[in-house]
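Worksheet for the structure shown next.
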Amino acid sequence: HDMSGECGMYDLPWTDESNTLPGTFARFSTEGAMLLTWGGADQPRLWDLSQDLVEVPFDLPEPLPGKFSFSGDFQKIAAVTEDDAIRIWNLRRGQNHLLPPETLQPVEQITLSPDGQTLALASQGRVQLWNLADRRSSRPIDAFRSPKGSYTMAFPPGSEGFVAGCTVSSIQWFGLRYFDRKGILSHEFDQNTTPHRVMAFALKADIMATGSYGAICVLDVRTGQRIHTLVDKQVTNCLALTPDGDRLAAAGPEGLIKIWDVSFGREIMTLKVQGTVISSLSFSSDGRILASADMHGVIRLWRGDDTPTE
């Protein structure tokens, strides 16, 4: 709620337990009609929001291992198998195949692009990009500038590149870098950004957010320039941006979820889930539904409305 008496989003939580979902992570599909949930002992499950949260049969070929990544429409999966091979499933076609054996080893992180065409593998400070159409890879690149630490790697929706960074500790991190899908460095991000333990991207705008250790930076993906720095030690566990990049949601260990107006860099709302830690946030494609997942394995849907209210 801002000082003018207008509110761009308000929460109408579904408090009925029958309307909560199981899982510690939640993610909306790029078109927004489907919600993917997973976490704990559960394998990924798919829900149709257009049919009032009806579970959709999700015929996974086998139980997924710990390292996996989905395309934006959830129809393509890349996963590291128990013998360290990389298997790609195309659920729509009912096909799967292994990548050639010259993949980086050991694979520490695996990330599939939203369009399902490019796969990034991270290992010991290096990244290898695979074009899944012809199953060819780029030469490994030194993307992180450090063989140690926590890697951050993601494909901004709608872009032709990927972002990579490395956080070693609260006082040592290596700035984010933007590469094209051939592995060529395009630009580096503002070096005054915070450590980037978590990242979020706007689906339809060139806006991204990074957060860690009590601060959140909002950045322009195309230029790497910093737009805002938001300081809040309570909410840097996970982030989400609305598709248009106008609103940022951030959550922390005390069950708090805060909403910011990105244009003005100001907080406009606080939501609260009692007695738990928020582990995941995701906005629907129209920005009207925020999914939050917690470490108790409960996913809640918070509904909003763009109609100003007094």
Side-chain angles (χ1 to χ4, degrees), residues 22-30 34-47 55-144 147-155 157 162-166 179 181-183 197-199 279-280 282 293 297:
T24 54
F25 292 93
R27 177 179 149 194
F28 283 99
S29 60
T30 48
M34 310 301 289
L35 180 67
L36 184 73
T37 64
W38 73 96
D42 284 341
Q43 285 288 297
R45 301 171 68 180
L46 201 57
W47 309 84
E55 185 169 6
V56 178
F58 198 28
D59 296 325
L60 295 177
E62 58 188 72
L64 290 178
K67 296 176 183 176
F68 61 87
S69 181
F70 282 85
S71 60
D73 61 3
F74 306 147
Q75 292 303 303
K76 189 173 285 188
I77 310 170
V80 183
T81 64
E82 292 183 356
D83 56 358
D84 292 326
I86 307 298
R87 184 173 292 278
I88 310 297
W89 287 276
N90 189 321
L91 301 183
R92 183 174 285 113
R93 296 180 181 177
Q95 301 172 344
N96 74 88
H97 65 270
L98 290 171
L99 289 185
E102 60 266 21
T103 58
L104 282 181
Q105 296 292 336
V107 176
E108 298 175 51
Q109 185 174 343
I110 182 169
T111 303
L112 190 59
S113 62
D115 60 14
Q117 298 301 309
T118 307
L119 178 69
L121 306 176
S123 176
Q124 299 178 342
R126 310 185 82 192
V127 169
Q128 185 181 47
L129 296 173
W130 284 84
N131 183 327
L132 298 183
D134 57 17
R135 304 184 195 180
R136 293 184 179 180
S137 67
S138 69
R139 296 174 58 185
I141 57 176
D142 296 320
F144 300 107
K148 300 179 180 180
S150 176
Y151 301 150
T152 303
M153 184 170 64
F155 290 89
F162 78 101
V163 175
C166 180
F179 296 84
R181 294 201 186 186
K182 294 182 179 180
R197 187 170 59 86
V198 292
M199 286 196 296
S279 54
S280 174
S282 182

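What you are looking at is a predicted structure, and each value in this text was computed from that prediction instead of being measured.
- Atom NZ of K67 sits about 10.5 Å away from atom CG of L121, to the nearest 0.5 Å.
- Interatomic distance, OG of S69 versus CD1 of I88, reported as 9.0 Å (0.5 Å rounding).
- Pairing each heavy atom of M199 with each of A154, the nearest pair is CE-CB, 3.8 Å.
- Between W38 and F70, the two ring planes are tilted [angle within 30° to 60°].
- Of the possible polar contacts, one joining the E108 side chain to the Q124 backbone as a donor-acceptor pair under 3.5 Å is found.
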Criterion side chain to side chain contact (heavy atoms under 4.5 Å, CB included) on T103 and Q105, from CA distance to verdict | CA-CA 6 Å; T103 58; Q105 296 292 336; 3.1 Å; yes
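- Taking D115 as the reference, S113, R181 meet the side-chain hydrogen bond (donor to acceptor under 3.5 Å, both in side chains) condition, with sequence neighbours excluded.
- Partners of T37 under the side-chain hydrogen bond (donor to acceptor under 3.5 Å, both in side chains) rule, at least two apart in sequence or in another chain, are W47.
- Rounding to the nearest 0.5 Å gives a distance of 11.0 Å between CG of L119 and CZ of F162.
- To the nearest 0.5 Å, the span separating CD1 on I86 from OG1 on T81 amounts to 7.0 Å.
- Considering only residues two or more places apart in sequence or on other chains, E55 meets the side-chain hydrogen bond (donor to acceptor under 3.5 Å, both in side chains) condition with R45.
- In this structure, CD1 on I77 lies 4.0 Å from CG on L91, to the nearest 0.5 angstrom.
- Remark: side-chain polar atoms of S123 are paired, donor with acceptor, to backbone N or O of P106 under 3.5 angstrom.
- A distance of 11.5 Å separates CH2 of W130 from CD1 of I110, quoted to the nearest 0.5 Å.
- In terms of heavy atoms, G23 sits closest to A293 at O-CB, 4.0 Å.
- No donor-acceptor distance shorter than 3.5 angstrom exists from the side chain of S279 to the backbone of F25, with no hydrogens or angles considered.
- Distance alone, capped at 3.5 Å, is enough to place a donor-acceptor pair between the K76 side chain and the G116 backbone.
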